[in-house]
Amino acid sequence: MLSKPHAPGGKPGAFLNFTSKDNPIYEQFIELTNQIFWDGYAEQLAQDNPARFQMELNDFINTYQ
């Protein structure tokens with residue numbers, strides 16, 4: 001099972017409801033991103049560059065929702 005990226009400052013769930021395990025599009029984004037790059041990439045991106053993570057998530061949601 002995939003681990004959920006943590007929000008900036010180590011506060012899980014700060015990415016509104018898009019980080020909910022019940023949100024399939026968020027889980028698909030994490031899975032796809034980790035498959036394209038490497039396992040843990042999404043979590044690392046969320047921690048290292050939260051603005052970029054949010055931008056990539058928003059692009060994914062806008063494209064595939």
Exercise. Evaluate side-chain contact (heavy atoms from CB on, under 4.5 Å) for E31 paired with E27, printing each intermediate quantity in order.
Key: CA-CA 6 Å; E31 184 176 335; E27 292 298 321; over 6 Å; no

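Residues that satisfy the ring-ring contact (aromatic ring centres under 6.0 Å, His included) test with F37, not counting sequence neighbours, are Y41. Residues satisfying the side-chain hydrogen bond (donor to acceptor under 3.5 Å, both in side chains) criterion with Q28, sequence neighbours excluded, are absent altogether. In this structure, N62 has no side-chain hydrogen bond (donor to acceptor under 3.5 Å, both in side chains) partners at least two apart in sequence or on a different chain.
Atoms OG1 and CD, on T33 and Q44 in that order, are 12.5 Å from each other to the nearest 0.5 Å. With rounding to the nearest 0.5 angstrom, the CD atom of Q54 is 13.0 Å from the CZ atom of R52.
Using a 30° and 60° split on the angle between ring planes, F53 and Y26 fall in the perpendicular class, above 60°.
Cluster annotation: I25 is connected to L57 through the hydrophobic network of ILVMFWY side chains, with a link wherever side-chain heavy atoms come within less than 4.5 Å. A single hydrophobic cluster is not seen to contain both Y64 and M55; linkage of ILVMFWY side chains at heavy-atom distances under 4.5 Å, directly or through other members, places them apart.
In plain terms, the two heavy atoms of A42 and N34 that are nearest each other are N-OD1, 3.0 Å.
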